[in-house]
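One structure below.
In what follows, chains carry the letters A, B, and so on, assigned in the order in which the sequence lines appear, proteins first and then strands, with residues in each chain numbered from 1.
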Number of protein chains: 2
Amino acid sequence: MLDPRKLHLLRELSRRGTIAAVAEAVTFTPSAVSQQLSALEREAGVRLLERTGRTVSLTAAGHVLVEHAHAVLEQLERASAALAAARGGPCGPLRIGAFPTAARVLLPPALTALTGAHPGLVPMVSEIDPADVSAALRAGELDVALVHEYDFVPPPADASIETEPLFREAMYLTVRASVAAARDDAWITNKPGTLCHAMTIRACQAAGFEPDVRHHVDDFDTVLAFAAAGQGVALVPRLAATAPPPGVRLTRLPLARRTLAAFRRGNGDHPAIRAAVTAFHTAVPHLPLDDSA
Amino acid sequence: MLDPRKLHLLRELSRRGTIAAVAEAVTFTPSAVSQQLSALEREAGVRLLERTGRTVSLTAAGHVLVEHAHAVLEQLERASAALAAARGGPCGPLRIGAFPTAARVLLPPALTALTGAHPGLVPMVSEIDPADVSAALRAGELDVALVHEYDFVPPPADASIETEPLFREAMYLTVRASVAAARDDAWITNKPGTLCHAMTIRACQAAGFEPDVRHHVDDFDTVLAFAAAGQGVALVPRLAATAPPPGVRLTRLPLARRTLAAFRRGNGDHPAIRAAVTAFHTAVPHLPLDDSA
DNA sequence: GTCGAGCGTAAGCTCAACTTATGCTCGACC
DNA sequence: GGTCGAGCATAAGTTGAGCTTACGCTCGAC
């Protein structure tokens with residue numbers, strides 16, 4: 001019988017590309033991962049990996065098996081969720097990941113509703129950039145997460161992650177009246193590697209230029225303070241612009257950001273997950289979203 | 001992560017009813033099965049089993065988990081089948097189970113076609129009563145099997161087994177012109193515990209009487225010889241009555257027997273299974289089925 | 001050419017999972 | 001009602017799978 005633990009390693013390899021990265025993700029040594037994958041290959045009776053230069057890559061058979069690994073692990077997730085449901089209502093620890101703005105704006109009312117409805121539930125929040133969420137979910141470090149996606153930045157398809165939309169908000173530009181008008185300005189973006197950073201770059205590219213990025217700041221309040229100090233322009237989502245400092249003009253753009261709840265595929269029927277997603281939904285009307293675009 | 005091996009044990013328990021029977025089926029000691037199921041219960045966090053008198057039975061949560069075990073094991077089966085397909089064409093050992101008449105009539109041409117088309121395939125045939133087939137398939141003792149089902153004898157629903165119909169044949173009654181006319185005769189049936197035995201009993205019950213079963217004989221040629229010797233009446237399928245001995249009158253009844261191929265659910269795409277089922281189909285036209293009822 | 005990143009193998013250790021041995025409880029049977 | 005066997009659970013011992021550390025090899029960057 002195929003071992004789901006080994007299938008999990010193979011799936012991680014297909015996403016991360018190197019055995020060392022898989023080992024780091026599952027907190028094993030690379031040697032252990034290498035041995036497990038060798039054993040899987042032996043049981044499979046086909047080559048699944050092949051050395052390509054300094055790393056390994058999957059063979060055609062390896063990719064086929066990864067697809068089946070998704071299905072197997074999803075069914076195991078469903079079984080675990082069913083057991084959690086059989087244990088009774090939502091209780092125990094629930095690891096929640098959230099991007100900073102959501103942690104600040106959405107989580108407080110959501111957590112109040114959640115623990116009010118389910119006193120046995122122990123939510124544990126970690127701030128995390130949406131780009132890192134699916135890995136953290138797959139690794140079991142998180143159970144649910146609040147993520148966002150932007151126009152221009154297509155979310156990577158991930159067969160192991162399921163999402164549920166929560167709300168949309170408009171994007172605003174500081175100082176200028178349009179992205180094109182800020183062609184020659186200094187730009188303030190989030191740190192490279194984050195979705196927000198990618199979004200700014202893409203929006204400018206769509207307007208026909210490469211932004212002159214001068215500052216990398218994650219906290220939108222700081223971003224607005226920089227803008228107020230004349231240090232550059234920036235794109236900020238509605239929720240980050242509830243109290244702009246004096247002198248910062250905000251122009252609403254035909255550009256949206258969508259916030260979603262994400263969890264491991266198959267885990268959607270887990271009582272704690274359901275409760276959390278429900279709580280997120282109930283908290284949305286409390287947000288200062290003066291538009292529904 | 002839930003262990004599929006333990007889920008398999010739980011599933012076997014749900015069918016067999018006692019830990020001792022499960023242990024015998026998987027060739028473990030009852031102690032090992034008991035320990036594994038205890039571990040599963042611990043990981044699940046819910047009671048799955050409860051002592052009822054001298055045996056154990058499943059709790060509601062246990063039954064829920066068994067349903068998920070079916071899904072998980074089916075996906076693992078699919079993954080294995082995909083690997084077999086990736087290994088190339090059908091090859092290696094293929095364990096085939098068949099009831100005696102099928103082994104005599106259908107298998108010779110089917111095996112010729114099978115090994116002719118796939119020289120690497122090594123078919124291994126075991127005669128087995130259809131009543132025991134699903135257990136043998138689940139235990140991995142067989143890969144495919146030829147089974148039959150009768151009117152009046154509903155096949156037990158088994159979520160882990162998949163079947164594909166091959167052909168139908170009519171049933172014949174020896175000596176008498178109708179079952180009702182044989183109410184006071186001595187009856188010859190197969191051994192108790194077989195489907196054929198159950199079929200005879202049910203057919204008589206449907207005609208309004210309990211048969212006076214005097215002889216238990218599995219081989220239909222012997223059955224016909226007994227009938228020719230005036231030792232009783234019997235129901236025989238068309239394929240078992242190709243050359244009745246002189247003096248045995250056969251009356252075709254409005255009663256059918258269906259022959260099917262059975263295999264583990266999810267294993268239908270295994271190249272060897274596909275090849276075998278195809279070979280079965282190609283052999284059907286060679287059978288002396290002078291009717292298609 | 002040198003060096004580090006990445007992979008694989010060898011050797012050792014630890015724990016899970018099996019066995020055997022034993023005790024307990026329930027139900028059948030005289 | 002006592003006896004006995006079937007069935008399950010626990011204790012103790014053994015084995016092997018799966019991890020670690022240690023080390024060697026190869027490839028690609030600088």
Looking for any heavy atom pair under 4.0 Å, which part of the strands does [X] touch: base, sugar-phosphate only, or nothing?
| X | result |
| --- | --- |
| B:Thr29 | base |
| B:Ala32 | base |
| B:Ser31 | base |

Open item on the list: Is there a side-chain contact between A:Glu149 and A:Thr163 in this structure, where contact means two heavy atoms from C-beta onward sitting under 4.5 Å apart?
Closed with: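 Of all side-chain heavy-atom pairs linking A:Thr163 with A:Glu149, none is under 4.5 Å.
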In this structure, how many angstroms lie between the [atom2] atom of [N] and the [atom1] atom of [X], rounded?
| X | N | atom1 | atom2 | value |
| --- | --- | --- | --- | --- |
| A:Asp3 | D:dG18 | CG | C1' | 10 Å |
| B:Glu50 | D:dA9 | CD | C1' | 16 Å |
| A:Leu40 | C:dG8 | CG | P | 13 Å |
| A:Leu49 | C:dG6 | CG | P | 16 Å |
| B:Arg54 | D:dC4 | CZ | C1' | 10 Å |
| A:Arg51 | D:dC25 | CZ | C1' | 9 Å |
| A:Gln36 | C:dT9 | CD | C1' | 15 Å |
| A:Phe28 | D:dT20 | CZ | P | 6 Å |

Open item on the list: I need the A:Leu137 CG to A:Glu162 CD distance, nearest 0.5 Å.
Closed with: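 Answer for the CG-CD pair, A:Leu137 versus A:Glu162, is 11.5 Å.
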Just to confirm, is there a sub-4.0 Å distance from OP1 or OP2 of [N] to any side-chain nitrogen or oxygen of [X]?
| X | N | value |
| --- | --- | --- |
| B:Thr55 | D:dG7 | no |
| B:Thr18 | D:dG7 | no |
| A:Arg5 | D:dC19 | yes |

Task: Distance-only donor-acceptor test, A:Gln35 side-chain atoms vs D:dC19 base atoms, 3.5 Å - done: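 Checked by distance alone, the answer is yes.
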Task: Heavy-atom pair of closest approach, residues B:Arg202 and B:Pro154 - done: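 So the minimum-distance heavy-atom pair works out to NH1-CD, 4.2 Å.
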Open item on the list: Which nucleotide wins on minimum distance to the side chain of B:Val56, given the candidates C:dG4, D:dA9, D:dA6?
Closed with: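 The answer is D:dA9, which lies nearest to the side chain.
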Open item on the list: Which nucleotide, if any, forms a Watson-Crick or G-U wobble pair with D:dC30, using both distances under 3.5 Å?
Closed with: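 C:dG1 - that is the nucleotide pairing with D:dC30, both distances being under 3.5 Å.
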- [ ] Would you mind telling me which residue lines up with the more 5' stretch of DNA chain D, B:Gly17 or A:Ala39, judged by nearest nucleotide?
- [x]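 Checking each residue's closest nucleotide, the 5'-ward one belongs to B:Gly17.
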Task: Residue B:Glu43 excluded, over 12 heavy atoms near CD under 6.0 Å - done: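 Yes - once you tally the heavy atoms of other residues, nucleotides and ligands closer than 6.0 Å, there are more than 12.
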Open item on the list: Which is more 5' along DNA chain C, the nucleotide nearest B:Glu43 or the one nearest A:Ala20? Just name the residue.
Closed with: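 In this pair, the answer is A:Ala20.
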- [ ] Output, in order, the C-alpha distance, side-chain angles, deciding distance and verdict of side-chain contact (heavy atoms from CB on, under 4.5 Å) for B:Ser160 and B:His70.
- [x] CA-CA 6 Å; B:Ser160 55; B:His70 281 129; 4.0 Å; yes
